[in-house]
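In what follows, a structure is listed as structure tokens, so that the remarks can point back to it.
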Amino acid sequence: MPIDLPASPPEAGTRPFRLICFNLGKEDAFLITTPHSAVLIDTGSHENGKELAKTLLELGVERLNCLLLTHFDADHVGGVHQILKRLTVEQVLESPLCSHNKDSQQHRLVLKKHGVSPDKVRSAEQMQLDGVHYTLLPPRKKHYAQDERNNASLLIHVRHGGNTFLFTGDAREARITEYLDGGPERCDWLKIPHHGHYQRTLPRLLHTLTPRYAVITSSDERPEDLRTVDALRQAGCKIALTRLGTVVYYSDGEEIFAVQ
């Protein structure tokens, strides 16, 4: 499906950091760009991979400094083939936990076809690209008793100046709890885990991180849980739903503003 993009406001030219949350339905794909860097977090599904790659090229993104993959469900890694086929990708970083299922097997075959050896993030890693600081936080356990595929999510903390962003993949309660128990930094912007499904850990997550902005990747067929929306409203978050259109956030290192 064609990806809608809101028009860039005049103020965008003075804000070097741009985060695009693509409207792909109940799928994750986020692009972070600065004047001299581009990072893609997840790639959506196989069905939307070609359109995502086309949109990136139309945005002038021919090279990715890094492709970050939170976990191996098809709605997060299905578009990898088209991204690797059409763009130059310098590095692929991914969660170290890979359950043996159809999605993960297909993902490994795609990487092998393109001759790509991904780097597994086995301990907390940091990198800096054009003034943006990334902290990659892998799962702490080697095995999760419940919902291991989603609890394997790599969490990604991004800092641009004084503004902070947290990407949570599809982390479920066990993964969120271990993250919160580690004494995390607060964040200004939060990608709500698992497409807005309500989780008992959500109130604690919001109380600890105190985000001002939140985005949910959902679809009309599989919308966000109203209990999640209510919790966000009570926490004072400005909520964006990608099912209503692609959302773009701009940062100048001090302020964040959103366009949808």
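- Between Phe165 and Trp189, the ring-plane angle classifies as tilted under the 30° and 60° cut-offs.
- Looking at every heavy atom in both residues, Leu57 comes nearest to Val61 through CD2-O, 3.6 Å.
- No more than 12 heavy atoms of other residues, nucleotides or ligands shown are found within 6.0 angstrom of CZ on Arg222.
- A donor-acceptor contact shorter than 3.5 Å links the side chain of Glu148 to the backbone of Tyr144.
- Using a 4.5 Å cut-off between side-chain heavy atoms of Ile, Leu, Val, Met, Phe, Trp and Tyr, with links allowed through other members, Phe257 and Phe17 fall into different hydrophobic clusters.
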Which is it for Lys26 and Glu221 under the salt bridge (charged side-chain N to carboxylate O under 4.0 Å, His left out) test, yes or no, and what are the steps along the way? CA-CA 9 Å; Lys26 195 192 77 65; Glu221 295 77 16; over 6 Å; no
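- Remark: the Gln146 side chain and the Arg172 side chain contain no N/O donor-acceptor pair separated by less than 3.5 Å.
- With rounding to the nearest 0.5 angstrom, the NE2 atom of His195 is 13.5 Å from the CG atom of Asp225.
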side-chain contact (heavy atoms from CB on, under 4.5 Å) between Gln82 and Glu51, worked out: CA-CA 9 Å; Gln82 291 293 339; Glu51 194 63 38; over 6 Å; no
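- Taking the six-membered ring where the residue is Trp, the centroids of His76 and His71 are separated by under 6.0 Å.
- Of the possible polar contacts, one joining the Asp252 side chain to the Glu254 backbone as a donor-acceptor pair under 3.5 Å is found.
- A 6.0 Å sphere centred on NZ of Lys54 holds no more than 12 heavy atoms belonging to other residues, nucleotides or ligands.
- Two residues are said to be in side-chain contact when any heavy atoms from C-beta on lie closer than 4.5 Å; Glu125 and Pro138 fail this criterion.
- Residues Leu111 and Gln106 are not in side-chain contact: their nearest non-hydrogen atoms beyond the backbone lie 4.5 Å or more apart.
- For the residue pair Ser45 and Glu27, a side-chain donor N or O sits within less than 3.5 Å of a side-chain acceptor on the partner.
- Listed for the Glu178 side chain is a donor-acceptor partner under 3.5 Å among the backbone atoms of Arg140.
- Taking CG from Leu205 and CG from Leu190, the interatomic distance works out to 5.5 Å, rounded to the nearest 0.5 Å.
- Remark: the Gln199 side chain and the His194 side chain contain no N/O donor-acceptor pair separated by less than 3.5 Å.
- For the atom pair CG (Leu232) and CD1 (Ile192), the distance works out to 4.5 Å, reported to the nearest 0.5 Å.
- Contact detail for Lys191 and Phe167: the closest heavy-atom pair is CB-CA, 4.1 Å.
- Put simply, the side chain of His81 reaches to within 4.5 Å of the side chain of Lys113, judged on heavy atoms.
- Not one N or O on the side chain of Ser251 forms a donor-acceptor pair closer than 3.5 Å with the backbone of Ile256.
- The closest side-chain heavy-atom distance from Ile83 to Leu52 is below 4.5 Å.
- Nearest approach of Asn163 to Asp188, heavy atoms of both residues: CA-OD2, 3.3 Å.
- The closest side-chain donor-acceptor pair between Thr33 and Arg18 falls under 3.5 angstrom.
- For the pair Leu136/His157, no side-chain contact is recorded, criterion being any heavy-atom separation below 4.5 Å from C-beta on.
- The closest side-chain heavy-atom distance from Phe30 to Leu40 is not below 4.5 Å.
- Note: Arg200 CZ to Ile176 CD1 = 11.5 Å, rounded to the nearest 0.5 Å.
- Counting only N and O atoms by type, the side chains of Thr246 and Asn23 include no donor and acceptor under 3.5 Å apart.
- No side-chain donor-acceptor contact under 3.5 Å links Thr210 to the backbone of His207.
- Here the side chains of Val39 and Leu64 are not in contact, with every heavy-atom distance at 4.5 Å or above.
- Clustering ILVMFWY residues whenever any of their side-chain heavy atoms sit less than 4.5 angstrom apart, transitively, puts Phe22 in a cluster other than the one holding Leu244.
- Taking 4.0 Å as the cut-off between side-chain N and carboxylate O, Arg15 and Glu255 do not count as a salt-bridged pair.
- Aromatic ring centres of His114 and His107 lie farther apart than the 6.0 Å criterion allows.
- Under the 4.0 Å criterion applied to side-chain N and carboxylate O atoms, Asp181 and Arg204 are assigned as salt-bridge partners.
- Both Met127 and Ile156 belong to a common hydrophobic cluster when Ile, Leu, Val, Met, Phe, Trp and Tyr are linked at side-chain heavy-atom distances under 4.5 angstrom.
- The pair Arg63-Glu90 meets the salt-bridge criterion, since a charged nitrogen lies less than 4.0 angstrom from a carboxylate oxygen.
- Using modelled atom types and a 3.5 Å distance limit, the side chains of His197 and Glu224 yield no donor-acceptor pair.
- Taking SG from Cys21 and OH from Tyr249, the interatomic distance works out to 5.5 Å, rounded to the nearest 0.5 Å.
- For the side-chain contact (heavy atoms from CB on, under 4.5 Å) criterion with Leu56, the lone passing option out of Leu87, Ile3, Ile20 is Leu87.
- The backbone N or O of Leu93 lies less than 3.5 Å from no partner atom in the side chain of Asp119, so there is not a single donor-acceptor pair.
- In this structure, Leu31 is not a member of the same hydrophobic cluster as Tyr213, with clusters built from ILVMFWY side-chain heavy atoms closer than 4.5 Å.
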Can Tyr198 and Val229 be said to form a side-chain contact (heavy atoms from CB on, under 4.5 Å), step by step? CA-CA 9 Å; Tyr198 184 78; Val229 174; over 6 Å; no
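- Under the 3.5 Å distance criterion, the side-chain polar atoms of Thr242 are left unmatched by any main-chain donor or acceptor of Gly245.
- No hydrogens or angles considered: nothing links the side chains of Asn65 and Gln91 as a donor-acceptor pair under 3.5 Å.
- The two residues Ala171 and Ser153 come nearest to each other via the heavy atoms N-OG, 3.5 Å.
- Considering CG of Asp28 and OG1 of Thr43, their distance stands at 10.0 Å, rounded to 0.5 Å.
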Starting from the C-alpha separation in whole Å, work towards a yes-or-no answer on side-chain contact (heavy atoms from CB on, under 4.5 Å) for Leu202 and Thr228. CA-CA 8 Å; Leu202 181 61; Thr228 298; 3.7 Å; yes
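- At a threshold of 4.5 Å between side-chain heavy atoms, the hydrophobic network of Ile, Leu, Val, Met, Phe, Trp and Tyr places Ile41 and Val132 in one connected group.
- Using a cut-off of 4.0 Å between Lys/Arg side-chain N and Asp/Glu carboxylate O, Asp170 and Arg149 are scored as not salt-bridged.
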Evaluate side-chain contact (heavy atoms from CB on, under 4.5 Å) for Thr164 paired with Arg186, printing each intermediate quantity in order. CA-CA 8 Å; Thr164 51; Arg186 60 167 300 280; 4.3 Å; yes
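- Using a 4.5 Å heavy-atom cutoff, the side chains of Thr34 and Leu129 are not in contact.
- Heavy-atom minimum distance, Thr55 versus Leu5: CG2-CD1, 3.8 Å.
- Nearest heavy-atom pair, Ala74 versus Asp103, reported as atom, atom and distance to 0.1 Å: N-OD2, 3.1 Å.
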